[in-house]
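One structure is given below, encoded as structure tokens.
For ligands, and for the atoms within them, numbers begin at 1 and follow the listed sequence. When reading the values below, keep in mind they use all heavy atoms of this one structure, side chains included, and skip hydrogens, waters and symmetry mates.
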Amino acid sequence: MENLENKLKVMYTEETIQNRIKEVAEIIDKDYKGEELVIISVLKGAVFFTVDLVKKMKTQIELELMQVSSYKGTQSTGNIIVKKDLDSSIEGKNVLIVEDIIDTGYTLKYLQEYLQTLNPKSLKIAVLADKKARRKADIKIDYTCFEIEDKFIVGYGFDFDEKYRNLPYIGYVEN
Ligand code: 5GP
């Protein structure tokens, strides 16, 4: 496999990412004002963001992991399946979905509708990156760290063929 790392351009440095996550963590803490919160981290990409976010928060959290995928090819099609479901009930609880990126929005739309059927007290969404120009599904995002251009990003949880997730910065591939 070619070495992509030499071709990557830095979009956000580690420091920029961490500073922005701190700001968002403080906003989330203010919004929940000491209430408890279930964080649902969406595997695999959001794990990196989730860990850094919750470590910067004061809100008491429970952590849940879910995995979903679209079942036709690599393109997001709207045909989503749950590969890993919740371990505990979210009924009557404040829930925050933590996702790496919203692109078309089909994945988060599906997740939001599914989780809403489980009767949480509240349901919000936090994303690290938002590619607004590519949105197809109508969905409200409550917390966004970075609005980005339509570029393919890699690093800090974002993979290229399952690799490079552990880069501490977010890079992009020149089109
Ligand atoms: P959506 O359903 O919003 O179109 O798709 C979101 C999913 O597409 C993300 O969870 C992520 O897996 C993938 N994705 C979208 N844009 C990018 C990108 O720039 N880089 C990487 N690595 N994955 C992306």
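- Within the 3.5 Å criterion, the main-chain N or O of T144 finds a donor-acceptor partner in the side chain of R20.
- For G105, the heavy-atom gap to ligand 1 drops under 4.0 angstrom.
- At least one heavy atom of K151 lies less than 4.0 angstrom from ligand 1.
- The closest donor-acceptor contact from the side chain of D29 to the backbone of T59 lies under 3.5 Å.
- Residue I153 places at least one N or O, backbone or side chain, under 3.5 Å from an N or O of ligand 1.
- In summary, the side chains of Y106 and K136 do not present any donor paired with an acceptor at a separation below 3.5 Å, with no hydrogens or angles considered.
- Using cut-offs of 30° and 60° on the angle between ring planes, the pair F152 and F160 is perpendicular.
- Checked by atom type and distance alone, the side chain of R165 never pairs as donor or acceptor with a backbone atom of G155 at under 3.5 Å.
- Near E99, with a cut-off below 4.0 Å to any heavy atom, the atoms of ligand 1 are 10 (O).
- Contacts of D159 with ligand 1, taken as heavy-atom pairs under 4.0 Å, involve both backbone and side chain.
- For the residues V68, I101, I80, L111, the heavy atom positioned nearest atom 11 (C) of ligand 1 is part of I101.
- The shortest N or O to N or O distance between L108 and ligand 1 is not under 3.5 Å.
- Applying the salt bridge (charged side-chain N to carboxylate O under 4.0 Å, His left out) rule to E62 yields the partners K93; only residues at least two apart in sequence or on another chain are considered.
- Only the side chain of K131 comes within 4.0 Å of ligand 1, counting heavy atoms alone; its backbone N, CA, C and O stay farther away.
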